[in-house]
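Comments concern the structure below.
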Amino acid sequence: MSRQPAHPIPDIVPRERLDFGLEGDIPRHWLGGDAFKTRLFDAMSTLFPVGERFFITCVRDYKDQVTDPALRVHIKDFTRQEGQHGIVHTQYNDRLTAQGVRVDLILKGQERRLFGILRKHLSREFTLGVTAAAEHITAIMADAFVERPEVLEGADERIRAVYVWHAMEEMEHKAVAYDVLTKVAQASYRTRVLSMLLVTFLFPVNVFRIMAHMLKVDGYTRWQRTRLWAKGLWWLYKPGGVFLPLAGRYFAYLKPSFHPWDDPVVASYAHWLDLMDKHSPVTASNLLNEQLVAQPHR
Ligand SMILES: [Fe+2]
Ligand SMILES: [Fe+2]
C-alpha cells in the first residue's frame, strides 16, 4: 500500500511561539490596496477557526483505530498545528470584527453547517473524506501562494507572514487526513470523489458569500462592487490566473492511485523552514526580513 516517494518528506513541526503583530496598524485593504484580493484572504481567514476544528474532530474520530505509531504521532502534530492556525486566525479575525465585519455570524453559520448539518447527517467516513479533500485544496493553494510571489505582491508583511507560516504547515501535514482516510477508515474511492465534489462546491460558495458581505461593509456602491467582482473573478479564473495553473494538481486527487506525497514540497520550503527554525518566536519580521518573498525559489 505505501509507496516510497522519490523526494524527501518534511517533518510535521508544531510551532507554538508565534507573534505576527496582528494587533498593529494593518491597513484595511492590506493586499496592495486591492479590496477584492484582500477580502478573498480575509474571507478564508474567517473560515479557518471552525473549519480547522472540524478537521481535527474528523481525524480524531479514527484516532483509536490507528495502530501505526508514526501515523499516531502525525495525527498529534497535525492537531497541534491546526490548533495554532485557529488561534492565530482568531486574532486575525478580531481585526475584521473591529472593521464591522460580522465575524460572529460567519462563525455561527460555519458551526451550523459543519457540526450541525454535515457531522449530523453524513457518515464519519464521509466527513473524514471532506477533511482530506479540504486539506488537498488547502495544500495546493498554499503552494501557489508561496511559490508565486505575484499573488501576495504588495501585501502587508504581517499578514503575508501569517499566510506563509500557515502554508508551510499545511504542506507539512498534507497527507495526514488522507492517510487516515485510506489506511485506517479504508474509505471507498466513491467517498473520496464525492467528498471532494462537495468541498469543491461549498468552499468557493462560502468564500464568495462572505466576501460579498465584506465588500458591503467596506461601503462600496452596487456598481463599484460589480466592477470589483468582474475584475477579481477574472484575476482568479483567467488563463494563467490564480486557479487554472492549479487544475492539474486538483484533478490528480481523482486518480485512484493518488497520494499527497506524489508532489514534493515547494522549492522554497527549505528556505522558509530555515527561517522558522532559526527564529523563536516566529514573527513577521523574522520570517520576511530576508526578502525571500522578493526572490522566488524555483
Ligand atoms: Fe491550517
Ligand atoms: Fe490543514
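Counting starts at 1 for both ligands and their atoms, in listed order.
For Thr67, there are no side-chain contact (heavy atoms from CB on, under 4.5 Å) partners two or more places apart in sequence or in a different chain. Among residues two or more places apart in sequence or in another chain, the side-chain contact (heavy atoms from CB on, under 4.5 Å) test is passed with Asp77 by Ile12, Pro14, Val73, Arg80.
For the Fe ion (ligand 1), the set of protein N/O/S atoms nearer than 2.8 Å consists of Glu52 OE2, Glu82 OE1, His85 ND1, His166 NE2, Glu170 OE2, ordered by chain and number.
Side chains of Glu170 and Thr138: no donor on one and acceptor on the other come within 3.5 Å. Defined by atom type and a distance below 3.5 Å, a donor-acceptor pair is missing between the side-chain atoms of His89 and Glu52.
Applying the ring pair (Phe, Tyr, Trp, His ring centres under 6.0 Å) test to every pair with at least one member in residues 183-224, sequence neighbours left out, gives these pairs: Phe208-Trp229.
By the 6.0 Å contact criterion, CZ on Arg209 is enclosed, its count of non-hydrogen atoms from other residues, nucleotides or ligands being greater than 12.
For Glu135, the N, O or S atom closest to the Fe ion (ligand 2) goes by the atom name OE2.
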